[in-house]
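Remarks on the structure that follows.
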Amino acid sequence: MNNLDRRNFLKSLGMLSLAMVPDISRRPIRKLFPLLIPAEEIIPGTPYWYASTCCECPARCGTMLKVREGRVIKIEGNPNHPLSRGGLCPRGQAALQELYNVDRIRFPFKKIDNAPKTKLTWDSAINEIKELIEVGKTLFISGYITSIQKSYIQTWLGGISEAAQLFIYEPALRNSYYEANRIAFGRPDANEYHLENADLIMDFGAEFMETWESPVELSHQYSNARRVRNENIVKLIYVGISESLTGTNADEEYKIHPKTEAVVMLSLANWLLDNSQKSNINDREKSTWRRNLQAFTLQKASEMSGLSIEQLTHLGKQLDQYPNTLILCGDAVAAHEQGTDSIVAANILNYICGSYGNTIALKSGQPLDAVDAPVDFEAVIEEILNDQISNIIFYNTNPFYTYPDKERLRKALKKVPLKIALATTLNDTAAMADYVLPVHHTIETWGVEDLGNEDYSLVQPGMQPVFDSKPVEVVLQSIRKHTRLPNDFEQYIENEWQSIFNEIGGNGSFEKNWKEMLLKGGVWNRTTLQSAQVDASQGAFSFLQNYELPKVSERLTLNAHLSHRYYDGVGANKSWLWELPHQLYHYVWDVPVRVHPNVAREYGLAEGEIVSLSCNNRSIEAPVLITDQIHPKVIAMELGSGHANYGQHAVKETGNPADLLPLNFDRISGDKIFLAENVEIKKTGKRRDLVRLQGSYDQGERKIVQQISLKEVVRLHKQGAVREEPHAPKIYPEHEHEVYDWMMVIDLSLCTGCGACAVACYAENAVPVVGKQGCKHGREMAWLRLEKFEVDGRYRFIPMLCQQCEIAPCETVCPVYATVHSNEGLNIQVYNRCVGTRYCSNNCPYKVRRFNYYPTRWEEPTNLQLNPDIYHRPKGVMEKCTFCVHRLRRAKEEAKMQGRLVKDGEAIPACVQSCPTGAMSFGNLNNPDSRVTKMVNNFRGYHVFEVLNTQPSVLYLKNIKHEDKG
Amino acid sequence: MKTKNLPLILAVAMIMWVGIVIILAIVSQKIIHRFGPLPEQPVEFSHTVHVNQLGLECLYCHSSAEKSIHATIPSSSLCLDCHEGVDMDIPEVKKMLAIIEEKGEIDWERVYEVKDHVYFSHRVHTVIAKIECQECHGPVEHMTVAIRASGGSSDRGFMEMGWCVTCHERRGAPRECITCHK
Amino acid sequence: MNNANVRIKAIYNNYEAFINALKVLSSKKELDMDVISPMPLHDVEKLIPQKPSGVRWFTFFGGILGLIIGFAFPIYTVLDWPLITGGKPVVTIQAFIIIAFELLILFGAAFTLLGLLFHARLPRQNLSNYDVRFSGNSFGFVFSVPERKINEMKNILQDADDIITDKLSTESGRIGNESR
Amino acid sequence: MSKENYFAPDLIVDQVNAQVLEPLKKPSKLFYVMIALFISFILFGAYCLYTQIFEGLGVAGMNNPIAWGIYLTNFVFWVGIAHSGTLISAILFLFRSRWRTSVNRIAEAMTVFAVTMAGLFPLIHLGRIWFAYWLLPYPNARHLWVNFRSPLNWDVFAVVTYMTVSTLFFIVGMMPDMAVLRDRFKGIRSKIYGVFAMGWRGTHRQWHHYETAYLLFAALATPLVISVHSIVSWDFAMSSLPGWHSTIFAPYFVSGAIFSGCAMVITILYPLRKFFHLEDLITEKHFTRISQMMLLTSLIVTYSYLTEFFIAWYGHNIFEQESFYNRAFGYYGIYFFMMFVFNSILPLGIFFKKIRTNIKVLFVISILVNVGMWLERFVIIITSLSRDYDPYAWGIYKPTYIEWGIFLGSVGGFLLLFFSFAKFAPVVAISEVKGQIHHDKTGGDHE
């Protein structure tokens with residue numbers, strides 16, 4: 001059971017024998033291989049940065065890849081990219097785990113049905129495929145890929161045979177917004193949101209802080225709206241069917257019956273027409289609008305949705321009271337047959353409230369057919385079933401996880417003679433293929449993404465490929481050489497870029513422009529919001545006339561929504577995302593189904609009990625989690641569990657919620673349905689405890705999360721009030737920090753609890769992952785965690801990390817000086833001096849210290865991600881957040897080489913760098929014009945557990961509680 | 001054996017035993033570290049010839065000593081710059097050319113190595129502290145194959161923490177734990 | 001005591017007889033004798049008064065030494081490399097008081113043992129001037145007298161249970177060597 | 001006050017030797033079985049320790065909020081038991097109490113062996129045990145010393161001092177008895193006793209210096225007992241945890257130590273007396289006296305429990321209040337109530353004469369008190385850690401078989417040492433008993 005190798009035996013000898021003779025075993029000699037070709041500017045030991053784009057989800061945020069010794073070790077947001085502005089979401093930060101994944105496919109192999117897997121070399125695989133692909137029609141099914149790659153593949157398919165078809169299967173991306181705009185305004189364009197101009201955001205199920213549209217960009221805009229501007233901050237009202245991060249961050253939260261959001265919106269529109277002066281509809285049209293909308297009374301809406309009349313009138317008054325309103329309608333609510341109708345209703349309400357040209361606009365240039373509608377996928381399957389497709393190529397997609405009826409898909413695939421999968425890691429779909437060819441991960445490939453409004457974002461490889469994989473384009477070309485396509489893809493991109501460059505009239509020579517594009521990571525010239533006039537009259541009226549109310553089922557509805565951590569299941573092979581606790585319930589390494597207490601009482605369910613959910617004659621099993629934040633008629637479950645085979649981290653014992661979804665689609669846009677109606681719950685009698693990392697959500701009067709009302713903020717601001725340091729007795733002399741005194745300020749009103757900082761910390765500091773058993777025993781290693789506490793009835797989030805206290809309770813009790821106070825105000829943890837008494841962890845009131853109970857093993861490819869500036873902590877050693885002291889040290893060294901002090905913002909920890917909303921700021925207190933010194937005596941500032949006089953270096957700013965005026 | 005002086009014998013034995021152990025500890029500190037296991041390099045590169053006679057700078061080969069934390073080893077292309085033309089007949093040069101032919105690169109034995117919890121930056125020491133290479137690496141120009149030797153004042157615990165700390169004390173360099181501990 | 005060459009060991013089982021003999025013998029100052037008993041006897045204390053034992057000074061000195069080391073050593077180590085921990089000053093006297101107290105007791109006890117061994121001439125094996133029965137339940141005397149005084153001694157010790165006399169070979173065979 | 005004779009009325013000096021030396025004869029078969037059992041405990045404990053060192057501390061039950069488990073409970077438990085020995089032999093010697101003579105050797109032996117067991121646990125609970133020597137302030141090449149401000153370092157000094165002083169006190173106390181054995185046995189065994197007797201002859205001068213030395217040892221050992229267990233309590237009192245951080249901890253732990261020490265003395269005395277037929281030397285009166293001391297310290301401990309809750313209630317510090325509410329009614333509430341019953345309610349029985357003089361009942365009470373005291377340390381350490389300041393980091397701790405194995409190993413070690421000592425050396429202080437009897441017989445108190 002325990003491997004007594006040479007080193008451990010020597011260790012026990014050393015311990016038992018009294019000899020003080022030091023370990024004089026031979027010093028291990030290691031070989032030194034100088035760089036093969038010493039490229040002039042590559043100097044080992046210094047980090048390099050490549051600007052690229054994150055392809056983890058269709059939002060396409062700009063990223064910077066940090067490269068050390070030829071391998072990417074960190075992904076950070078690109079500071080001047082319009083979408084990310086330096087921040088990233090947790091999924092973006094965890095992209096490296098797909099690149100360095102133990103389950104990556106390392107060599108091409110062949111596996112025909114249940115024959116054994118045979119290893120192939122590249123040439124033999126390509127030759128075999130070469131002949132087989134000639135016969136019959138070829139179908140290329142891919143996920144959402146960069147626009148340039150799509151055009152490359154389409155031209156390549158054209159070379160095979162005109163009947164060859166490319167199908168983009170990305171159920172999470174919806175066409176309903178284009179359809180809704182076409183119906184309402186006759187222009188099938190996407191929406192462009194500007195939350196920063198809004199005073200009131202009424203959000204019908206659009207989880208813009210998690211997965212909707214472009215979460216990082218929208219979170220950033222929302223955080224700008226949350227800052228106090230002319231004595232006001234934005235108010236967020238969330239109306240949805242189940243709870244979410246966006247709902248929890250909202251000021252008011254309402255739960256409505258599924259599929260009734262359109263009625264609510266139209267009834268509000270109707271109410272506004274009668275009682276609000278502000279709507280921009282001229283009187284002439286008002287009568288026609290009133291005639292069309294008079295069917296939607298508040299009474300009807302209240303009856304269908306479950307909201308009371310007072311609540312509805314309150315919502316109406318809110319819309320009337322605030323000048324700049326914005327109505328969002330998202331997939332968590334509108335993912336049913338009449339989803340597009342709800343979005344049209346949202347457009348109408350926006351139109352009536354006058355949001356167009358102010359907080360929302362139509363974005364031209366976004367390609368309409370970016371994604372093929374899932375309803376057409378049915379047609380494709382029919383085609384396959386009657387033997388018209390002879391070979392299928394899968395790339396970067398996993399229909400075997402998201403497609404509801406697995407049997408039907410399997411039956412269809414049986415009829416296809418040649419199935420090829422171009423995949424980085426083996427997922428459910430690749431397991432079905434005959435030939436599996438390892439393909440580059442997006443961090444190892446080229447690409448240009450069209451962001452609309454003539455903005456382009458570049459995908460640039462950061463390193464040589466980790467394994468013997470090839471880029472997709474080279475594989476396709478080697479299968480069948482297409483004359484007009486150049487062999488290597490970079491050349492193709494340069495040509496394409498040449499045409500785009502001419503089209504948008506770039507200045508200067510192409511070479512210079514291309515270099516600049518490589519450096520900046522893309523080209524974007526965000527013009528201001530075109531306030532193109534939109535006229536919704538004729539489209540809306542016809543829609544309103546023949547809109548029939550959705551039939552609402554009284555039985556339970558399952559909301560299988562996209563997950564904040566695994567998106568549509570693609571993140572389920574990343575251990576950091578499983579170890580990052582769920583943002584609301586802090587469960588890890590499992591996906592429970594969330595039920596309302598009434599449902600739990602009705603079926604006699606307790607937390608952790610396994611129930612079997614069945615719908616559309618398919619059933620899955622999942623543990624139960626009881627929460628009162630959800631609508632009584634709805635049970636919710638995030639996508640992510642139940643993969644057939646998707647690597648060692650995927651959770652198999654819990655079922656896949658996508659199985660229960662119906663096979664019909666949105667009646668207008670053909671998008672996928674994410675709500676399953678008439679779900680039955682049956683107890684199975686089995687139990688599997690949920691591992692939850694947060695002990696309790698009730699902070700009592702511990703004042704960990706504090707809140708201040710908007711009126712109070714305005715009043716104090718007028719007085720020019722300053723935070724007065726609570727009277728702390730100065731018994732002993734103060735520490736002096738002459739040069740640097742690092743300080744972090746976290747603004748709780750901007751923090752949305754998304755967890756990007758927590759995953760960035762895992763990536764930067766090689767924090768070990770302990771797995772489900774480790775978390776179950778309470779040994780999670782996260783240096784930074786998001787705590788959720790109730791304050792004045794609403795839940796708020798607070799990032800909790802080592803506070804680097806001036807009077808640190810942990811330092812006085814360490815017997816071996818393993819943790820001491822530095823002259824820069826940091827609490828240093830010297831890992832190789834720690835003996836492991838763990839007294840420091842007991843004495844820390846914030847409990848932010850983590851102990852290595854077991855040695856951490858970094859299996860073969862994952863160790864490439866380790867940052868050489870970080871010590872790989874052995875077992876028996878205490879570790880904690882060090883404000884990323886290795887980054888501070890690097891920055892100080894750079895500054896010292898140039899003979900100056902560190903500038904503000906040059907030396908920041910990974911969490912501050914990755915925060916999409918800019919809630920965290922970090923700087924040197926001795927530097928008078930740093931952001932931190934200005935914020936330090938902000939009257940909203942407070943320290944957690946100030947009563948203990950630990951004088952932490954982390955200052956939290958109270959959350960501002962929004963209040964209605966008058 | 002008379003029991004009379006049994007306790008005496010016991011006491012003496014104890015003292016002797018402890019004494020031996022202490023002496024062994026001190027000696028081993030000295031011997032082992034001072035010279036360390038002599039590395040066998042694939043090619044007998046002679047520093048004396050290149051530095052003393054030809055007057056080459058340390059930085060000519062170890063180019064990034066002033067630019068990065070590692071003072072790198074030159075790649076074979078640097079050796080070939082001269083040795084493709086000059087004194088090809090010396091046996092060592094022949095051996096080197098053969099190795100480069102066969103493996104493309106010479107796999108040098110590593111002589112100096114810092115423990116993996118230590119952050120040691122060459123450029124800080126060479127550029128900011130302006131320390132001579134000989135100060136730490138010993139009189140390399142008089143060595144044929146570079147061996148582990150210290151030119152520094154106190155040789156006790158060479159390349160150990162104490163040795164670095166004394167030097168930091170002497171030169172007034174920062175003695176914060178975080179300067180060197182990762 | 002120059003030519004004391006005869007050693008006499010007297011063993012008494014009866015306590016009264018032993019005390020009476022002791023009264024007589026104790027008056028003879030020149031006799032350098034050992035009064036041996038299996039347990040401490042206060043009557044002996046009164047009859048042969050002794051100075052207060054020197055072990056006290058050992059303990060006192062040991063304690064003071066411990067106290068000094070207890071303060072000096074921590075202060076030296078802290079000043080050698082002044083690492084700041086928590087809000088405490090570099091030289092924290094309060095913490096060092098505890099170390100000093102512990103070392104005071106440690107050195108005190110160690111020096112008491114040394115004092116005892118030094119004063120009681122232990123661990124010297126001087127079992128020739130001893131008899132096994134003394135550790136049972138009998139009392140007795142051991143002293144050396146010159147040849148001529150033997151019978152005088154004998155009649156003093158006549159009601160002892162057992163008297164053993166043997167010639168001492170060398171001059172140096174002193175008995176009461178733990179005189180201090 | 002009337003001279004209460006604590007020994008069997010007809011006991012005379014001659015029989016003392018016979019009675020005390022009787023157990024040193026050939027050991028009976030049952031003795032070998034017992035020794036084998038204890039050795040098996042130790043081997044199982046060693047195996048668990050071996051697993052823990054090589055696989056990592058994760059095999060034990062500790063986790064993030066509760067980083068100290070039952071290793072610390074065992075440490076405080078064994079140190080607590082160790083203090084009763086010094087108490088009975090030193091403090092009662094200073095008080096000239098008459099009943100201590102026949103009990104003090106057993107108590108001192110218990111001290112020395114309990115301290116050796118206690119000394120192991122600060123090492124066993126370390127994460128990297130192979131660097132334990134860093135806790136000692138030895139001059140090293142790294143110019144690094146030890147943090148003397150840390151309570152754990154005071155612990156190192158306290159336990160080392162206590163171990164040395166109590167061992168010296170034990171050896172010096174046994175010198176005269178070893179001389180008795182040296183004279184009674186032949187061959188190699190006599191030589192070993194000779195070594196321990198260090199040439200003791202019992203001359204009046206030796207007795208004179210011996211008495212002074214013994215008095216000084218007792219004088220030094222008394223403050224040592226108080227200080228060592230105060231330092232052990234400061235391991236917890238110096239922290240900022242609600243439930244640990246209170247000024248009553250030093251007297252509370254010292255009285256708790258004496259309380260559990262006396263209980264362990266009774267637990268050991270009862271079987272020893274029966275097994276080695278020492279009924280004449282150790283009479284019911286001894287048990288009564290020890291139980292009275294137990295009662296006194298039990299009252300102090302009860303007072304301490306109540307003050308802790310009073311502080312929490314009166315102080316209106318929300319952290320303290322919630323921590324103590326959780327201690328009584330939280331996940332570990334049952335252990336708190338068991339502790340309160342065993343430590344506070346059961347010993348009240350000793351007020352009644354019937355119980356005080358009935359040895360069997362005292363034996364049962366003493367065992368329960370020991371369990372109660374172990375639970376008290378368990379409750380203090382674990383419940384305060386499981387719910388303290390930050391509600392996020394509240395957690396539950398469950399000991400694993402490794403920790404129970406190591407505790408069993410320490411119990412086995414203690415009993416093995418004790419029973420082999422009882423077989424090797426006199427269980428009762430022969431010379432002191434003789435002195436006591438002789439003193440009574442020759443009448444009157446001369447002081």
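Just so it is clear: chains get the letters A, B, ... in the order the sequence lines come, proteins before strands, and each one is counted from 1.
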What residue in [options] has the most heavy-atom pairs under 4.5 Å with chain A?
options                             : value
D:Lys398, D:Arg128, D:Arg149        : D:Arg128
D:Met238, D:Arg387, D:Glu322        : D:Glu322
D:Pro151, D:Gly395, D:Ala132        : D:Pro151
D:Gly56, D:Ser384, D:Ala67, D:Pro65 : D:Ala67

Which distance, rounded to the nearest 0.5 Å, do you find between the [atom1] of [X] and the [atom2] of [Y]?
X        : Y        : atom1 : atom2 : result
A:His777 : D:Asn63  : NE2   : CG    : 9.0 Å
D:Trp394 : A:Leu693 : CH2   : CG    : 16.0 Å
A:Asn842 : D:Ile66  : CG    : CD1   : 9.5 Å

With a 4.5 angstrom heavy-atom cut-off, is it the side chain or the backbone of [X] that approaches chain D, or both, or neither?
X        : result
A:Arg785 : side chain
A:Glu780 : both
A:Phe789 : side chain
A:Ser841 : side chain
A:Leu786 : backbone
A:Met800 : side chain

| query | Are A:Tyr839 and D:Trp68 near enough that their ring centres are under 6.0 Å apart? | reply | yes
In terms of heavy-atom pairs under 4.5 Å, which option from [options] contacts chain D the most?
options                                : result
A:Gln699, A:Met878, A:Arg849, A:Arg850 : A:Arg850
A:Ile704, A:Val944, A:Thr950, A:Leu948 : A:Leu948
A:Gly774, A:Gly700, A:Gly778, A:Pro874 : A:Gly778

List the atom of [X], the atom of [Y], and the distance in Å for their closest heavy-atom pair.
X        : Y        : result
A:Pro855 : D:Glu55  : CD-O, 3.6 Å
A:Lys847 : D:Ala393 : CB-CB, 3.5 Å
A:Arg838 : D:Met62  : NH2-CE, 3.4 Å
A:Phe851 : D:Asn64  : N-OD1, 4.0 Å

Looking at side-chain heavy atoms only, is the closest gap between [X] and [Y] below 4.5 Å?
X        : Y        : answer
A:Asp698 : D:Pro391 : no
D:Asn153 : A:Pro815 : yes
A:Val816 : D:Asn147 : no
D:Phe319 : A:Val947 : yes
A:Lys875 : D:Leu57  : no

Under 4.5 Å heavy-atom distance to chain A, tell me which part of [X] shows up: side chain, backbone, both or neither.
X        : value
D:Val59  : both
D:Phe236 : backbone
D:Trp154 : neither

Can you confirm whether [X] is buried at [atom1], in the sense that more than 12 heavy atoms of other residues, nucleotides or ligands lie under 6.0 Å from that atom?
X        : atom1 : value
D:Tyr138 : OH    : yes
D:Tyr325 : OH    : no
D:Phe309 : CZ    : yes

| Whether A:His586 and D:Tyr392 hold their rings parallel, tilted or perpendicular, with breakpoints at 30° and 60° | perpendicular
| field | D:Ser240 and A:Asn843: side chain donor to acceptor below 3.5 Å | value | yes
| request: Could you tell me whether D:Asp390 and A:Arg702 make a salt bridge, using a distance below 4.0 angstrom between a side-chain N and a carboxylate O? | output: no
